[in-house]
Amino acid sequence: MIPTLIMISMIAFVIIQLPPGDYLTTKIAQLQAQDELINEDLIEALREQYGLDKPIYVQYGKWIWNILHGDFGFSWEWQKPVKDVIGERILLTAIISFTATFFIYVISIPVGIFSATHKYSVGDYIITLIAFIGLALPNFLLALLLLFAGYVFFDTSLTGLFSAEFANVSWSGAKVLDLLKHLWLPVVVIGTTSTAGRIRIMRGNLLDELNKPYVVTARAKGLSETKLLLKYPVRMALNPLISGLSVLLPHLVSGATITSVVLSLPTTGPMLLGALRSQDVYLGGAFILLLSTLTVISTLLSDILLAWADPRIQYE
Amino acid sequence: MENASALIEVKNLKVNFFLDEGTVEAVRGINLNIYRNQTLGIVGESGCGKSVLAQAILRIIPYPGKIVEGEILYYRSDDDFVDLVKLNNRGKEIRNIRGSEISIIFQEPMTALSPLYTIGNQIMEAIILHQKVNKKEARELAIDILSKVGIPRPDLCIDQYPFVLSGGLCQRAVIAMALSCSPNLLIADEPTTALDVTIQAQILKLFQDLQKEFNMSVIFITHDLAVISEMTNEVVVMYLGLIVEQAPAIEIFSSPLHPYTQGLLRSVPKLGIESSERLQSIKGTVPDPFEKIKGCPFFPRCPLGDSGICKDNNPVLNTVSPDHKVACFFWDKKKINYAK
Amino acid sequence: MQNDRTLLQVKNLKKYFPIKKGVFRKVHGYVKAVDDVSFSIKKGETLSLVGESGCGKTTIGRLILRAIKATSGEIIFHLSDKEVKINKLHESELKAFRKYMQLIFQDPYSSLNPRMTVLEIIGEPLLVNRVASGKVLEDRVVELMELVGLNSKYLRRYPHAFSGGQRQRIGVARALALNPELVIADEPVSALDVSIQAQILNLLKDIQQKQNLTYFFISHDLSVVEYISDTVAVMYVGQIVEIAKTKNIFNHLKHPYTEALLSAVPRIDPGEKRERYFLSGEVADPANPPDGCYFHPRCRYAESICKTKPVPLTEVVTGHFVRCHLAEELDLKGI
């Protein structure tokens with residue numbers, strides 16, 4: 001896991017550095033074009049601090065060294081330390097992603113079970129139809145549709161994560177409540193595709209399991225259908241969903257970018273996009289590194305969960 | 001037969017499978033009695049309906065199969081009986097019978113147990129479900145039954161997962177689970193087909209010992225004539241959803257009357273035959289399951305068949321001697337001496 | 001009919017599968033799937049390998065086909081004009097050589113591509129090896145279908161329209177398409193119904209006589225093996241424990257394991273209760289076989305020598321090889 005993270009940090013750094021030039025040269029060129037005064041001292045100090053005049057591996061070394069000491073560097077664009085810029089955004093992204101994950105599983109598992117156990121019933125057909133629409137509908141379109149519906153039918157703006165009065169105040173109980181009020185929309189928008197996909201996966205897996213001999217054996221034992229269903233085939237059908245957890249999180253984080261732009265959410269997505277465009281090295285690097293770490297940890301968690309859920313894995 | 005009272009009476013049972021491609025008549029009118037302490041063998045090739053008959057008794061016929069006609073009377077005592085067909089197949093009454101009064105063992109021991117739970121968990125589940133015991137007592141009962149089916153170190157085995165055990169041990173565990181509540185009837189559906197010969201011999205021996213110990217009736221279903229001949233005292237031969245012949249094992253193997261039974265017996269390679277001899281196979285194949293059969297089901301493959309009568313008339317199962325029944329118009333006309 | 005030319009010779013064949021464990025996949029030992037196996041098959045004859053699951057019989061089949069490579073040993077194929085060492089063949093030569101050996105599979109359902117017609121399935125080996133195409137190919141396929149007893153009017157049907165027995169006939173026809181020297185049949189009838197089994201066994205025998213084919217037959221069913229084979233090799237935990245002419249294996253057997261196998265086979269002998277001999281315990285673990293004779297923990301005749309001293313395969317009577325210390329002394333019961 002540690003080697004994976006080191007690899008990721010290197011790749012992240014290199015990718016960000018790939019385009020020619022760096023933020024400072026771009027900035028200086030811009031300022032010069034506008035005939036503005038340049039704070040030579042500040043620029044020199046920064047150049048020195050981050051070793052911009054040194055070879056790339058030295059820059060990388062300095063970057064990592066600083067991160068290990070809690071300093072994520074300086075965002076050129078925001079003229080603030082990266083830590084201050086991204087702190088809350090990472091938190092909000094994490095909240096949205098985890099809530100979305102929760103939403104996806106809480107909806108998809110029971111609906112998938114219903115769909116499988118009522119194969120070819122009216123309910124199953126309706127679920128299947130909705131699931132396919134959910135799969136086919138792009139996130140941003142769904143977001144726009146919901147925003148439109150909000151304006152037309154309820155006369156409210158559904159964008160953002162906070163009401164105006166809470167947007168710039170510090171955290172409090174009321175602010176959390178306000179967040180929860182706004183959270184459902186991005187969660188629904190981000191989670192719909194994955195929920196639809198997982199309903200289909202759950203349905204398919206469960207249908208495969210339902211007629212397995214061990215289920216028939218359990219039925220012949222005299223178990224009631226509900227107990228039987230939950231203890232035997234459902235447990236088995238859950239495995240692919242558990243292992244799917246590790247790919248879900250990065251998918252949500254990156255998939256949320258466009259949604260965040262549309263819904264103007266203060267998450268990492270839009271800011272990462274901006275940072276990459278303007279070659280704001282340390283901001284972009286910090287984002288990529290943190291999100292990758294999140295992914296690696298979630299992979300680890302899903303592996304542990306899977307080993308717990310399926311004893312066969314422990315024996316391998 | 002010292003105790004000839006029936007445990008199960010199957011009357012005119014018909015089971016259909018309603019598929020998109022058409023209706024498959026899997027069981028097409030079966031009458032059969034299973035007596036107390038009797039071992040009844042049911043033999044037939046794939047698609048003859050032998051497994052569906054077993055599933056019908058437990059009411060676990062898979063979708064889209066349905067019992068369309070008939071009765072299955074289950075006698076707890078001579079005058080206390082219940083028609084299993086009338087029970088709700090998800091209801092409490094049939095669930096109380098399953099696993100406790102009637103239990104079943106399937107072909108593949110490895111897939112009959114869920115890999116996610118230990119052997120003990122799955123056996124104790126049946127015990128707790130049907131007996132008034134707590135978890136600790138259930139565990140002791142489970143260990144006890146595991147040792148009865150000849151599992152070495154049952155106290156350790158109980159905490160093992162099925163996939164770490166060999167096929168033979170797994171099948172013993174499955175048998176233990178089926179016997180854990182001392183059933184009146186044990187249905188064994190091809191219980192040794194997936195096992196190696198030496199393990200098969202062990203398991204068959206176990207069955208014989210357990211039947212004596214548990215005082216139960218056994219329905220032994222298999223396609224293997226040799227296994228049937230070693231295991232049972234009464235044999236039923238099925239073909240395309242019907243019983244074509246029924247007789248004591250000794251009689252059916254020494255003087256089979258139905259041409260299908262005769263054909264089956266001749267087509268099995270037997271140890272000790274010269275390889276220069278030719279196996280006599282039954283011509284043709286089992287017809288398409290969707291085909292509607294009007295006359296004798298075996299007519300298209302039968303060496304005796306007479307298009308005059310066999311083609312359009314289905315022979316009923318006739319009692320031709322006190323305990324020998326056969327469904328054939330020509331059973332006595334062209335008798336083939338099979339005894340060797 | 002039988003000429004005395006040896007077609008296939010297997011010498012000291014070994015296949016060890018490494019057991020890897022831990023993060024660095026370090027080799028922790030070997031599963032000796034095939035452990036020093038030697039035999040030969042004469043042209044036009046049938047040699048059968050019998051044994052319980054996991055004894056290595058299927059692995060030997062795969063080694064001969066070069067689906068996997070042997071750890072050591074030789075597999076020599078004698079063609080009329082040359083000798084080919086299968087284990088030494090280069091990948092590039094292998095493809096051309098494979099036409100001499102064909103395989104019949106166990107499961108007639110999964111071994112036929114459901115999206116190909118019978119013509120395409122049987123014709124595929126001819127097409128791939130550029131033997132025939134177009135009308136010539138179709139004629140050959142028709143000829144093959146008639147040989148295996150299929151009505152050639154079904155040439156353009158898909159496998160699902162056929163029953164299990166008919167599918168297995170298609171499989172046999174495909175195996176025969178290139179006129180192979182050797183046909184490897186891995187449990188070809190064990191998935192079939194009894195009445196169909198007989199049809200396929202008869203078919204295999206008839207074709208063998210017509211075309212002087214050589215069969216390498218893998219089966220767990222002793223009665224099938226007795227019916228089809230000229231020579232039988234009994235395997236236990238990766239080794240051949242007894243190999244001899246079929247008649248001798250079944251009537252003058254010399255190895256206690258063969259005796260146990262035969263005793264375990266259920267028989268149709270109504271009324272007649274024979275004395276059975278039950279093997280206790282389970283097959284030894286090929287990754288960790290017992291010392292001495294691998295069979296000794298389950299053998300009812302085992303003596304102290306069996307527990308310590310490994311047994312070589314020795315010729316007890318001409319053409320009858322046995323891997324047992326006590327082979328000369330024991331008087332074992334055949335069928």
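Sequence lines set the chain letters: A, B, ... in the order given, protein chains first and strands last, and positions in each chain run from 1.
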Point-to-point distance, once rounded to the nearest 0.5 Å, from CG of Leu271(B) to OH of Tyr227(C):
14.5 Å

Side chain from CB out, backbone as N, CA, C, O: work out which of these in Leu169(B) comes under 4.5 Å of a heavy atom of chain C, or both, or neither.
both

Among Val283(C), Leu279(C), Leu261(C), residue most engaged with chain B (heavy-atom pairs, under 4.5 Å):
Leu279(C)

Is the backbone of Ile268(C) close enough, under 3.5 Å, to the side chain of Glu230(B) for a donor and an acceptor to pair up by distance?
no

Between Val227(B) and Arg267(C), is a side-chain contact (heavy atoms from CB on, under 4.5 Å) present by the stated rule, with each step listed?
CA-CA 7 Å; Val227(B) 167; Arg267(C) 313 239 184 112; over 6 Å; no

For the candidates Lys283(B), Lys205(B), His223(B), which exhibits the highest count of non-hydrogen atom pairs separated by less than 4.5 Å from chain C?
Lys205(B)

For Arg300(C), does the CZ atom sit with more than 12 other heavy atoms under 6.0 Å from it, leaving out its own atoms?
yes

What I'd like to find out is whether the side chain of Ser223(C) reaches to under 4.5 Å of the side chain of Lys270(B), using heavy atoms alone.
no

How long is the span from the NE2 atom in His220(C) to the CG atom in Leu195(B), to the nearest 0.5 Å?
10.0 Å

Are Gln199(C) and Ser267(B) side-chain neighbours, meaning at least one heavy-atom pair lies under 4.5 Å?
no

Please determine whether the number of non-hydrogen atoms from other residues, nucleotides or ligands lying under 6.0 Å from atom NZ of Lys292(B) exceeds 12.
yes

Answer with side chain, backbone, both or neither: which region of Ser280(C) has an atom nearer than 4.5 Å to a non-hydrogen atom of chain B?
backbone

Of all of Gly263(B), Gly167(B), Gly150(B), Gly284(B), which one pairs up most often with chain C through heavy atoms under 4.5 Å apart?
Gly284(B)

Atom SG of Cys55(C) and atom CG of Asp196(B): how far apart are they, to the nearest 0.5 Å?
8.5 Å

Can you tell me which portion of Ile199(B) sits under 4.5 Å from chain C's heavy atoms? Options are side chain, backbone, both or neither.
both

In this structure, CG of Leu279(B) is separated from CG of Leu201(C) (nearest 0.5 Å) by 6.0 Å

Between Gln197(C) and Ser281(B), is there a side-chain heavy-atom distance shorter than 4.5 Å?
no

Which heavy atom of Thr198(B) sits nearest to which heavy atom of Ala264(C), and what is that distance?
CA-CB, 3.8 Å

Could you tell me if the side chain of Ser195(C) sits less than 4.5 Å from the side chain of Glu45(B), heavy atoms only?
yes

Part of Asp206(C) within contact of chain B (heavy atom distance under 4.5 Å):
side chain

Looking at Val286(B), Thr192(B), Val197(B), which makes the most heavy-atom pairs under 4.5 Å with chain C?
Val197(B)

Engaged part of Gln202(B) at the chain C interface, taking heavy atoms whose separation is under 4.5 Å:
both

Quick one: does any side-chain atom of Asp193(C) pair with a main-chain N or O of Ser46(B) as donor and acceptor, under 3.5 Å?
yes

